[in-house]
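Every chain is numbered from 1, with letters handed out A, B, ... down the list of sequences.
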Number of protein chains: 2
Amino acid sequence: MSTIEVGLPDGRTLEVTTGITVLEVAEQIGAGLARAALAGRIAGSLVDLRQPLAESCALEIVTTRDPEGGDVIRHSAEHVMADAVKRLFPDAQVDAGRSDHSEKFQYDFRTANPFSPDDLEAIEAEMKKILKEKSDFSREVVSREEARQIFAELGEQLKVERLADIPDGVEITLFRHGQFVDLCRGPHVRNVKQIGAMKLLEAAGAYLRGDESNEMLQRIYGTAFASKDELKAHLERIEEAKTRDHRVIGKQLGLFFLSAETVGSGLAMWLPKGAVLRRELGTFLEEQLAKRGYQPVITPHIGRVELYETSGHYPYYADSQYPPVSVGDGEEQYLLKPMNCPHHIQIYAHEKRSYRDLPLRLAEFGTCYRYEKSGELNGLTRVRALTVDDAHIFCTPEHVEAEFTSVLEFVQFVLSTFAFEDVRISLSARDPDDDKYAGDPALWDQAEATLARVLDNLGLDYVHEVGEAAFYGPKVDFHVTDVIGRAWQLGTAQLDYVLPERFGLEYTGADGQLHRPVMIHRAPFGSFERFIGILIEHFAGDFPLWLAPVQVAILPITDRHHDYAAKVAGALLAAGLRAFVDDRSEKLNYKIREAELQKIPIMCVVGDQEEEAGTVSPRVRRAGEHRAEALAVDAFVEDLTGRVARREV
Amino acid sequence: MSTIEVGLPDGRTLEVTTGITVLEVAEQIGAGLARAALAGRIAGSLVDLRQPLAESCALEIVTTRDPEGGDVIRHSAEHVMADAVKRLFPDAQVDAGRSDHSEKFQYDFRTANPFSPDDLEAIEAEMKKILKEKSDFSREVVSREEARQIFAELGEQLKVERLADIPDGVEITLFRHGQFVDLCRGPHVRNVKQIGAMKLLEAAGAYLRGDESNEMLQRIYGTAFASKDELKAHLERIEEAKTRDHRVIGKQLGLFFLSAETVGSGLAMWLPKGAVLRRELGTFLEEQLAKRGYQPVITPHIGRVELYETSGHYPYYADSQYPPVSVGDGEEQYLLKPMNCPHHIQIYAHEKRSYRDLPLRLAEFGTCYRYEKSGELNGLTRVRALTVDDAHIFCTPEHVEAEFTSVLEFVQFVLSTFAFEDVRISLSARDPDDDKYAGDPALWDQAEATLARVLDNLGLDYVHEVGEAAFYGPKVDFHVTDVIGRAWQLGTAQLDYVLPERFGLEYTGADGQLHRPVMIHRAPFGSFERFIGILIEHFAGDFPLWLAPVQVAILPITDRHHDYAAKVAGALLAAGLRAFVDDRSEKLNYKIREAELQKIPIMCVVGDQEEEAGTVSPRVRRAGEHRAEALAVDAFVEDLTGRVARREV
């Protein structure tokens with residue numbers, strides 16, 4: 001019997017017999033680990049506990065303390081749900097589950113009737129019984145014919161059909177717990193009792209194989225965790241996320257809308273209040289850009305295909321682009337620009353450049369187009385036309401470190417302005433084994449080392465992500481975490497030695513010779529669309545004063561206070577503040593409720609008392625709605641303009 | 001012999017014999033008129049003096065006092081030039097002249113050698129001799145075979161070939177003066193002596209029939225007028241226009257560029273200084289929009305083809321559009337938007353509207369795409385992507401007059417801000433005989449009457465232009481005249497009852513019933529691209545302070561004044577002014593010359609005297625470059641910020 005070597009995370013190496021299972025290795029390490037084991041991880045991928053090891057490898061045991069363990073638990077709960085359904089509805093046929101178990105599980109069934117809420121309750125109760133049976137999961141490798149016979153005998157016609165999807169030569173595995181058997185690749189928990197807590201979420205119709213021309217199956221969604229506390233926290237996060245959903249708040253506050261039917265999928269339409277929000281964000285960035293020595297440029301949204309052939313964005317990324325527009329009998333092709341860089345490069349190349357002109361920092365809020373699959377579109381966070389708060393810095397190699405440092409400080413300044421607290425930084429490097437990365441490996445090494453040094457000098461924590469670099473160079477990304485724990489990439493800063501080469505960019509150095517400049521691509525927001533989507537969820541629509549589309553609502557108590565209300569509004573408007581008088585003939589309480597629903601930061605109810613004294617008594621939402629002291633209109637205006645100018649959060 | 005009736009501009013009607021010529025009618029009116037006559041005008045078209053009249057008509061006699069008379073003079077001078085060339089170079093073969101004679105004439109010749117400047121001088125001298133011969137032009141109708149024989153005998157092979165271009169059934173006419181005969185449709189002057197003054201401009205090679213694969217002919221350009229004064233004025237205008245050409249100044253001042261080879265034809269690339277200029281114009285408009293109750297919106301540059309099918313912009317205008325982009329196996333087609341209206345209409349339609357919400361004024365600097373033929377592209381004034389300073393007002397029929405009045409006042413205010421003096425207003429109505437106009441004729445009548453009433457009430461002069469309306473409604477256009485006398489349409493305001501109908505727009509009236517709103521389309525600039533092109537020529541690049549990309553150049557006399565220069569610049573920058581210090585190690589005179597070439601409005605040379613006194617001595621370009629009084633830096637900053645805020649021209 002031959003042996004293989006299994007490397008462990010603590011640095012030890014076990015010499016074991018070929019064909020030993022992951023679970024057996026875990027048992028060799030310790031009985032406690034084996035009890036908690038949910039799966040193994042080899043080369044970044046999860047493998048089932050019962051998987052025999054055929055060759056030497058580095059192995060990690062995934063337990064309930066590992067976030068990825070949750071995926072295994074939910075996948076196993078999926079089988080338990082199918083088992084429960086079959087026990088309660090023996091005629092139901094089981095189709096297929098979910099491929100991504102990061103948040104939930106699901107299964108589709110062919111049944112006579114849709115599942116009622118009572119059915120779901122009964123199924124959940126049945127699942128709890130099954131968990132108490134404490135069955136182990138087992139794994140079997142079978143022939144195609146064996147599998148066919150098993151499912152045919154069980155009357156699982158849909159499973160027999162699914163079997164045909166497995167290509168020849170691929171191992172066919174079955175997983176069993178108790179009497180229930182399923183066609184599955186795993187991995188699964190050791191024993192059903194490791195599913196600590198679960199909940200069915202909803203039932204819904206789903207077309208067989210997602211095709212509208214097929215029959216409708218019945219789908220049940222659920223989720224599961226290692227513990228009741230984790231489940232509770234997750235359900236709370238989902239509830240909280242629902243109240244913060246930028247699509248819901250965007251509609252409620254009249255910020256934007258998307259209409260696949262009329263304008264097109266993934267194309268945001270900004271309503272007046274959303275356009276104001278976007279303008280304020282743009283003005284904020286423009287001020288910073290001017291202060292930091294950037295120069296504005298404006299370039300068209302389209303460009304000749306040759307530009308992107310030179311840059312390398314076409315045809316290699318054609319799958320995620322709108323196809324080109326062909327004009328003049330096909331002589332010229334134009335692409336909705338997938339990136340702004342080639343245009344900014346043309347501006348650089350338009351003049352002879354000397355080292356004295358560098359760094360040249362060209363900035364533009366430039367719209368780029370990505371043909372994302374419709375299933376991947378999501379409100380503002382994944383769109384097809386996105387306006388990047390873009391800039392490209394063209395500099396000498398000697399400038400790189402100082403420029404990159406300024407860029408990272410800029411991004412940090414921007415994120416801090418919005419009080420993003422949970423910011424994670426990644427340094428994305430190339431994967432030396434992947435040939436998609438262009439340019440000289442020595443320059444890559446140098447570039448990656450430069451970025452690491454800049455991050456270290458700034459004292460920033462970061463994670464190294466191999467294989468996540470842009471094709472033209474390494475990058476530093478800033479990620480923020482939203483209320484349901486999803487990480488969003490926002491700001492990015494990328495170093496690029498490749499595009500200057502491809503476009504043959506040059507400058508005359510102090511030595512009178514021609515040299516090649518270096519490019520830095522950077523965008524603190526990433527895009528206005530995504531940034532605003534995340535900002536809406538971050539603030540739950542309760543924007544700080546400077547960003548609020550309407551800053552002050554003036555609510556006259558009766559009609560005879562309209563004139564005074566208009567006077568107060570006039571003073572605010574004249575100071576550049578966004579105020580309006582709600583002079584509709586509605587009850588005051590109704591107007592207050594409306595202003596609250598619209599999340600207007602400041603409300604001023606004006607009546608006799610205010611008019612006589614020439615004052616206002618602002619109610620500030622963020623201060624908890626209580627009535628503040630009365631103050632003179634002038635002082636009020638001054639207070640607000642100061643807070644806006646300081647961009648107080 | 002039958003008779004016909006000829007109506008004259010003074011209201012008289014002459015009863016004349018059928019077949020009478022235009023010239024004979026002129027002679028009946030008066031001998032003086034006949035002597036000055038150059039052509040006739042019937043139904044808007046010029047007809048030759050020798051044209052027999054076959055039916056009753058309204059006839060106008062065009063004389064040297066009529067601007068269109070110039071076209072006849074230049075066309076006739078074209079023949080005189082060909083005559084002169086044939087006299088001097090008997091072997092030259094004559095090809096074809098120019099179709100548009102609004103500015104110049106030209107003729108192409110097949111000759112052994114190109115024409116030298118000496119040749120041109122000789123030809124011009126020969127032309128003068130011909131004018132002194134005082135020959136009348138005569139007109140003959142001939143058969144195709146007669147014409148062929150005449151030109152074959154003359155050895156004019158090119159003319160024989162041109163003969164084949166005339167379709168069967170079209171009358172073939174020859175024009176003669178003296179010995180010279182040409183194949184031509186006319187009209188021509190009565191006698192060559194009516195060509196008061198002419199000048200040959202240049203000679204150049206030109207491919208036969210404009211086709212690069214053909215032989216090269218020799219072309220001579222010239223121009224001619226009724227009098228020496230008119231010729232002189234015209235030549236001066238051309239010279240002046242050259243120095244004001246926005247393409248030349250745009251390059252010289254680094255404002256923008258166009259590159260057909262890299263980015264694409266007609267797609268403007270705005271360099272930093274141009275982007276600043278454009279931003280200042282945008283800020284100016286945004287301020288006005290906010291003051292006038294407009295709300296900003298932002299919509300994508302593309303939209304589903306169905307939007308434009310509903311509006312009527314597609315496929316009827318497909319010839320002047322980029323073709324649609326087809327995605328998802330052709331299921332969806334997207335058009336680069338030819339107009340912003342359908343998007344703004346979607347925003348209107350996104351909510352239920354009540355009469356209380358109206359007028360709703362939605363504004364956007366929205367980029368539209370027109371696939372203009374490459375030959376029609378011209379710098380910024382004719383481009384393929386143009387950013388319209390667009391807005392759409394949705395209102396009740398009762399609002400129309402007040403809203404349209406405000407719009408016209410707005411456009412006038414905008415044009416006056418730039419000191420455009422020669423502004424012409426046109427009211428474009430539909431042509432009732434043309435079926436391209438959509439909607440109810442009664443509504444058209446009402447709309448046209450409304451616009452006329454608004455113009456009258458504002459006391460504005462305007463011309464009625466039948467057949468120039470948009471397909472959806474009548475419009476008022478503002479035209480400015482540039483330095484070489486070309487009229488450019490800038491601002492436009494259009495009334496529209498059709499698109500609200502096509503998109504089924506509604507609002508709830510005070511009566512609780514659903515009603516259809518009216519739309520007003522309006523754009524004071526027209527587009528940023530064209531407006532800036534014209535603005536550059538209007539100011540010859542000498543922008544008023546508030547628009548100048550760089551407002552102040554600080555020129556230190558020696559290196560030791562750099563600190564003081566930086567201090568002055570700092571004070572200006574802090575006040576939001578655009579200043580820079582020219583601290584290059586160049587001679588002061590060189591720097592002054594550079595600042596002059598860059599047309600920077602204010603130059604401050606700073607030396608010991610200024611530094612000691614803490615002053616500047618600004619030289620203001622527009623005040624004629626003389627050195628102004630020294631003044632304290634604070635006072636200088638205050639003066640400039642005031643002038644910028646007032647947007648002084």
Side-chain angles (χ1 to χ4, degrees), chain A residues 254 256-257 259-276 278-279 286 290 295-304 306-307 310 322-328 332 334 336 342-343 346-347 349-351 356 360 362-364 367 369 371 374 384-385 387 528 573 584, chain B residues 254 256-257 259-276 278-279 286 290 295-304 306-307 310 322-328 332 334 336 342-343 346-347 349-351 356 360 362-364 367 369 371 374 384-385 387 528 573 584:
Chain A
F256 70 92
F257 70 93
S259 164
E261 293 73 33
T262 55
V263 179
S265 301
L267 301 172
M269 296 279 282
W270 295 89
L271 296 166
K273 285 175 186 166
V276 166
R278 200 172 137 164
R279 187 187 64 202
E286 274 169 355
Q295 300 186 69
V297 293
I298 304 171
T299 67
H301 284 216
I302 58 176
R304 292 186 64 161
E306 290 84 352
L307 268 185
T310 305
Y322 285 86
V325 179
S326 226
V327 297
E332 290 183 16
Y334 288 87
L336 285 162
H343 282 75
Q346 292 311 308
I347 288 183
H350 179 63
E351 289 170 41
R356 288 196 204 85
L360 181 71
L362 302 179
E364 179 176 25
T367 305
Y369 297 82
Y371 193 69
S374 25
R384 286 187 177 158
T387 303
F528 278 85
L573 291 171
R584 292 175 298 173
Chain B
F256 70 92
F257 70 93
S259 164
E261 293 74 32
T262 56
V263 179
S265 300
L267 301 172
M269 296 277 283
W270 295 91
L271 296 165
K273 285 175 185 165
V276 166
R278 201 172 135 163
R279 188 187 63 200
E286 275 169 355
Q295 301 185 69
V297 293
I298 304 170
T299 68
H301 284 215
I302 59 176
R304 292 186 63 162
E306 289 83 350
L307 268 185
T310 304
Y322 285 86
V325 179
S326 227
V327 298
E332 291 183 14
Y334 288 87
L336 285 162
H343 281 75
Q346 292 311 308
I347 288 182
H350 179 64
E351 289 170 41
R356 288 196 204 85
L360 181 71
L362 302 179
E364 178 176 25
T367 306
Y369 298 82
Y371 193 70
S374 25
R384 286 187 177 158
T387 303
F528 278 84
L573 292 171
R584 291 176 299 174

Quiz item: In Å, rounded to the nearest 0.5 Å, how long is the span from CG of B:Leu271 to CG of A:Leu362?
Solution: 9.0 Å
Self-check item: Distance, nearest 0.5 Å, that separates CD of A:Glu332 from OG of B:Ser265
Solution: 5.0 Å
Quiz prompt | Residue part contacting chain B, namely of A:Arg356, when any heavy atom lies under 4.5 Å | solution = neither
Quiz item: Which answer fits A:Arg584, side chain, backbone, both or neither, if we ask what part of it has an atom under 4.5 Å from a heavy atom of chain B?
Solution: neither
Self-check item: Straight-line distance of B:Gln295 CD to A:Lys273 NZ, nearest 0.5 Å
Solution: 8.5 Å
Practice problem: Please determine, among B:Gly274, B:Gly303, B:Gly264, the option with the most heavy-atom pairs under 4.5 Å with chain A. | Solution: B:Gly264
Exercise. Name the orientation class of the two ring planes belonging to B:Tyr334 and A:Tyr322 (parallel below 30°, tilted from 30 to 60°, perpendicular beyond 60°).
Key: perpendicular
Quiz prompt | Minimum side-chain heavy-atom gap B:Trp270-A:Glu364 below 4.5 Å | solution = no
Exercise. Kindly determine whether A:Thr367 and B:His301 satisfy side chain to side chain contact (heavy atoms under 4.5 Å, CB included), including the steps that lead there.
Key: CA-CA 9 Å; A:Thr367 305; B:His301 284 215; 5.5 Å; no
Quiz item: Nearest 0.5 Å, what's the CZ-CD1 distance between A:Phe528 and B:Ile298?
Solution: 8.5 Å
Self-check item: Distance in Å, A:Ile302 CD1 paired with B:Leu267 CG, rounded so as to fall on 0.5 Å steps
Solution: 4.5 Å
Quiz item: By a 4.5 Å heavy-atom criterion (distance strictly below it), what part of B:Ala260 contacts chain A: side chain, backbone, both, or neither?
Solution: backbone
Self-check item: Side chain, backbone, both or neither of B:Gln346 within contact of chain A (heavy atoms, under 4.5 Å)
Solution: both
Self-check item: Heavy-atom closest contact (A:Pro296 atom, B:Ala275 atom, distance)
Solution: O-CB, 3.4 Å
Quiz item: Checking B:Leu573 against chain A: side chain, backbone, both or neither under 4.5 Å from a heavy atom?
Solution: neither
Quiz prompt | Approximate separation, where rounding is to 0.5 Å, of A:Leu307 CG and B:Ser259 OG | solution = 8.0 Å
Self-check item: Intermediate values then yes/no, side chain to side chain contact (heavy atoms under 4.5 Å, CB included), A:Thr262 and B:Arg304
Solution: CA-CA 7 Å; A:Thr262 55; B:Arg304 292 186 63 162; over 6 Å; no
Quiz prompt | All side chain to side chain contact (heavy atoms under 4.5 Å, CB included) counterparts of A:Ala349, not counting sequence neighbours | solution = A:Leu505
Quiz prompt | Contact leader toward chain B among A:His343, A:Glu306, A:Glu351, where contacts are heavy-atom pairs under 4.5 Å | solution = A:His343
Quiz item: So which of B:Arg278, B:His350, B:Glu286, B:Met269 has the biggest tally of heavy-atom pairs under 4.5 Å with chain A?
Solution: B:His350
Exercise. Quick one: do B:Thr299 and A:Val263 satisfy side chain to side chain contact (heavy atoms under 4.5 Å, CB included)? Show the steps, please.
Key: CA-CA 9 Å; B:Thr299 68; A:Val263 179; over 6 Å; no
Quiz item: Which bit of B:Ala268 comes within less than 4.5 Å of chain A, counting heavy atoms only: side chain, backbone, both or neither?
Solution: backbone
Self-check item: Heavy-atom pair of closest approach, residues B:Ser326 and A:Pro323
Solution: O-CG, 3.0 Å
